[in-house]
Structures are given as structure tokens and as C-alpha cells.
Amino acid sequence: MPELPEVEVTRQSFASRILGAHVLSLRMGKPLRWPLGCDPGRLEGATVGPVLRRGKYLWVPLSLAGIAAENPPEGLLVHLGMSGALTFAKSLGPSGPHDHFELDTTAGLLRLTDPRRFGAVVWGASMASGLPARLLASLGLEPFDEAMTGAYLHQRLKGRKVSIKQALLAGDIVVGAGNIYACEALFMAGIDPRLAAGLVSRPRCDRLVLAVQEVLRQALAMGGSSLRDFKDAYGSQGHFQLSTRVYGREGEPCRTCATPVRRLVQGQRSTFFCPVCQKK
DNA sequence: AAGTGGACCTGCTAGC
DNA sequence: TGCTAGCAGGTCCACT
């Protein structure tokens with residue numbers, strides 16, 4: 001589920017409320033992608049720092065010695081996987097079979113509900129050490145980083161034979177665009193998703209960077225996409241799924257030229273595109 | 001190094 | 001109505 005807009009919407013919906021709060025307890029349910037990596041008890045009493053997002057990961061700093069005293073703070077790296085949602089809950093203990101993590105604080109109880117359990121909550125002595133560091137190390141640029149330019153994209157795509165769609169999804173060049181937004185950005189940029197990444201011209205790289213940024217901006221403004229599970233910390237759903245140009249619209253008319261949208265499979269994932277508006 | 005395919009896990013829907 | 005196959009927002013890892 002959650003791509004960059006959903007993760008960012010989630011972050012914004014809970015970060016300010018729990019900033020400066022103290023951890024009362026931490027509970028893990030069924031195993032997620034990786035073990036927590038520490039005794040849950042060690043985080044009791046910790047102070048919550050400013051929550052950061054990197055790609056589709058959230059970093060929740062937890063300082064045992066007060067926010068400013070420790071540098072850098074330890075914390076939890078959280079990933080929502082395919083079906084995760086972080087929401088504020090009313091009372092301790094799972095309310096359903098898919099509630100697998102709870103962080104109870106003096107400012108509210110945060111709960112991760114994740115039916116497929118592809119999500120993760122991993123402790124790190126810092127964001128730059130241990131498993132968190134390893135997971136973050138291979139990530140590409142943030143899409144709104146000023147270094148994210150057509151020149152950078154063109155340079156990084158050079159010589160790569162995979163399709164441009166798969167190169168976008170891989171996340172080692174630019175993070176944040178998952179299956180929905182990669183399809184949408186390629187449509188906006190008028191690029192055929194099957195085109196070899198290394199053959200995308202420099203001008204088209206310029207357009208693609210702008211398209212990725214634009215689609216993410218639009219999704220963010222609509223609270224993300226809620227195909228099924230996604231909600232922000234207060235349970236609100238996103239609306240971007242109602243305005244996709246191609247994603248999930250196989251057989252329906254292209255919003256630009258009315259040609260039926262096509263679906264194909266690339267790297268075991270569905271790709272949606274307009275065979276007329278998107279060219280090789 | 002780059003590309004491919006399998007793995008993780010559960011739930012929902014379309015089709016027979 | 002009930003079963004089964006196929007599909008779903010992610011990404012790591014082993015292998016060629």
C-alpha cells in the first residue's frame with residue numbers, strides 16, 4: 001500500500017502529537033518482517049523526538065536521556081509494508097487479529113495494523129547504525145531533493161537495460177514512487193513503461209523528474225491513496241485513487257485520448273499505461 | 001554489476 | 001453456495 005505520500009501523510013498525522021511525549025510501554029504482536037532487535041522494556045520512559053521520513057521508512061527517535069542530551073538518539077525504524085497503517089488507538093491490547101505493534105505514550109497510543117505483515121518495526125542504536133542503517137543505505141534520492149534533476153536521473157539510468165518502470169520502482173535511484181505513482185508519473189511524462197531505462201533521453205528525464213514530483217505532490221494533497229487498508233493516524237482515508245490516470249483502469253478510456261488503458265506485467269507487478277499517449 | 005525470480009503473509013474477488 | 005486461482009500499495013535475498 002503505502003508509497004511516499006501515504007507514509008508522509010501518516011508521519012504528519014501523528015508526529016507533532018507525540019513529539020516530546022514519554023514512552024509508557026511497547027508491545028509486539030505476531031512477527032513482522034524482522035525482529036524488534038531489543039528488549040521492549042528498555043524503551044520505557046524514553047522521550048519521543050521528531051519523526052523523520054526517509055523513502056517509505058519512518059524513523060521515530062527515542063531518547064532515554066532527554067531529547068537534546070543524546071546525539072544521535074536511538075529509535076525505531078518503521079515500515080508499513082504493503083498493508084500497514086499506524087493509527088491512534090483508545091485502549092491497550094490488540095483490538096483485531098492484525099494489530100502487531102503498539103507504542104503507548106503519554107500523548108497517545110500508536111498502533112500498527114498490518115494484515116500481511118510485510119511491515120517492520122526495528123530498533124536501532126541510531127538511524128545510522130545496525131539494521132536501520134543497512135536498510136537505508138541503498139536508498140536513492142528523495143524526489144524533492146534539490147539534487148533530484150534530469151541530469152542526475154539520466155546519469156543514473158545510463159547503461160541500464162531494465163525497463164524504466166522497474167528502474168523507478170527499484171528505489172535505488174529515486175525513492176517513494178511505488179507501483180501506483182510510477183505508473184502515473186510515466187503517463188504524465190508520456191513515456192512507455194517498457195522502454196529500456198538507459199534509452200530515456202535527457203529531455204525526457206527532465207520531464208520524468210517533474211512528473212514524479214507532480215504526482216507525489218497531488219497525492220499528498222489528497223491524503224494519499226486508499227485502495228484498501230490505508231488510513232492516517234486518525235483513521236482518515238486518502239482520495240488520490242479516485243483520480244488516477246492509468247493505475248487500476250485497465251480497459252477504461254485514457255483520460256487524454258480515450259484509448260483503452262492497457263495492463264501488462266513487469267517484474268511480477270502490474271503496469272498500467274496508455275499505448276497512445278506513452279511512447280518509446 | 002545488473003537482471004531475474006522466489007520468498008515473506010493474509011484477504012478479497014472473479015469465475016467456474 | 002462454495003471452492004480455487006489470481007491478484008494486491010514492498011523489498012530483501014539468492015542465484016545467474
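Since the structure is predicted, the reported quantities are computational estimates derived from the model, not experimental observations. Because only heavy atoms are used, hydrogens play no part in the values below, and waters and symmetry mates are left out as well, while side chains stay in.
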For this session: Kindly say whether the aromatic ring centers of Tyr181(A) and Phe240(A) come within a distance under 6.0 Å.
Result: yes
Exercise. Taking the six-membered ring for Trp, are Tyr234(A) and Phe88(A) ring centroids under 6.0 Å apart?
Worked result: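 Yes.
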Exercise. Under the 5.5 Å and 30° test, is Phe230(A) stacked on the base of dG9(C)?
Worked result: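 So no, this residue does not stack on that base, at least one cut-off failing.
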For this session: Measure from the ring centre of Phe118(A) to the centre of the six-membered ring in the base of dC8(B), then say whether that distance is under 5.5 Å and the planes meet at under 30°.
Result: yes
For this session: State which residue, out of Glu3(A), Glu184(A), Lys165(A), Gln266(A), fulfils the side-chain hydrogen bond (donor to acceptor under 3.5 Å, both in side chains) condition with Asn179(A).
Result: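 Exactly one pass, corresponding to Lys165(A).
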Nearest whole angstrom, please: distance from the [atom2] of [N] to the [atom1] of [X].
{"X": "Lys161(A)", "N": "dT4(B)", "atom1": "NZ", "atom2": "P", "result": "10 Å"}
{"X": "Asp229(A)", "N": "dG10(C)", "atom1": "CG", "atom2": "C1'", "result": "13 Å"}
{"X": "Leu168(A)", "N": "dG9(C)", "atom1": "CG", "atom2": "C1'", "result": "16 Å"}
{"X": "Lys158(A)", "N": "dA1(B)", "atom1": "NZ", "atom2": "P", "result": "17 Å"}
{"X": "Arg263(A)", "N": "dG6(C)", "atom1": "CZ", "atom2": "P", "result": "12 Å"}
{"X": "His100(A)", "N": "dC8(B)", "atom1": "NE2", "atom2": "P", "result": "17 Å"}
{"X": "Ile164(A)", "N": "dG3(B)", "atom1": "CD1", "atom2": "C1'", "result": "15 Å"}
{"X": "Glu250(A)", "N": "dA14(B)", "atom1": "CD", "atom2": "P", "result": "13 Å"}

Please confirm whether the shortest side-chain N or O distance from [X] to OP1 or OP2 of [N] is below 4.0 Å.
{"X": "Lys56(A)", "N": "dG10(C)", "result": "yes"}
{"X": "Ser83(A)", "N": "dC9(B)", "result": "no"}
{"X": "Lys30(A)", "N": "dC9(B)", "result": "no"}
{"X": "Tyr181(A)", "N": "dG10(C)", "result": "no"}
{"X": "Tyr247(A)", "N": "dG9(C)", "result": "yes"}
{"X": "Arg33(A)", "N": "dC13(C)", "result": "no"}
{"X": "His79(A)", "N": "dG10(C)", "result": "no"}
{"X": "Arg228(A)", "N": "dG9(C)", "result": "no"}

For this session: Report the residue (His98(A) or Gln166(A)) whose heavy-atom-nearest nucleotide on DNA chain B is the more 5′ of the two.
Result: Gln166(A)
Seminar exercise, completed: Between Pro115(A) and Gln268(A), whichever has its closest DNA chain B nucleotide further toward 5' is Gln268(A)
Exercise. Given Leu80(A) and Glu6(A), is the side chain to side chain contact (heavy atoms under 4.5 Å, CB included) satisfied, shown in steps?
Worked result: CA-CA 9 Å; Leu80(A) 301 179; Glu6(A) 292 75 35; 5.8 Å; no
Problem set entry | Among dC13(C), dC9(B), dG3(B), the nucleotide that comes nearest once only the side chain of Arg117(A) is considered |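 Given the options dC13(C), dC9(B), dG3(B), the side chain of Arg117(A) is closest to dC9(B).
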For this session: Output the single nucleotide from dA8(C), dG3(B), dT10(B) whose closest atom is nearest the side chain of Ser270(A).
Result: dA8(C)
Base, sugar-phosphate or nothing for [X]? Non-hydrogen atoms, less than 4.0 Å.
{"X": "Ser226(A)", "result": "base"}
{"X": "Arg269(A)", "result": "base"}
{"X": "Tyr57(A)", "result": "sugar-phosphate"}

For this session: Could you let me know what dC3(C) is paired to, Watson-Crick or G-U wobble, both distances under 3.5 Å, or none if it's on its own?
Result: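 Check on dC3(C): paired to dG15(B), both distances under 3.5 Å.
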Problem set entry | Mate of dC9(B) where both pairing distances stay under 3.5 Å, Watson-Crick or G-U |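 Across all strands, not a single nucleotide pairs with dC9(B).
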Exercise. What distance, rounded to whole Å, do you find between the two C1' atoms, one in dT4(B) and one in dG9(C)?
Worked result: 22 Å
For this session: Please state the P separation for the pair dT11(C) and dA1(B) - nearest whole angstrom.
Result: 22 Å
Problem set entry | Step-by-step side chain to side chain contact (heavy atoms under 4.5 Å, CB included) determination, Val200(A) to Leu153(A) | CA-CA 10 Å; Val200(A) 181; Leu153(A) 181 60; over 6 Å; no
For this session: Map Ser138(A) and Arg116(A) onto DNA chain C by nearest heavy atom, then report which one ends up closer to the 5' terminus.
Result: Arg116(A)
Exercise. Do Thr113(A) and Asp99(A) have a side chain donor and acceptor closer than 3.5 Å?
Worked result: yes
Problem set entry | Minimum-distance pair of heavy atoms, taken over all atoms of Asp229(A) and Ala85(A) |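 Heavy atoms of Asp229(A) and Ala85(A) come nearest at O-CB, 4.0 Å.
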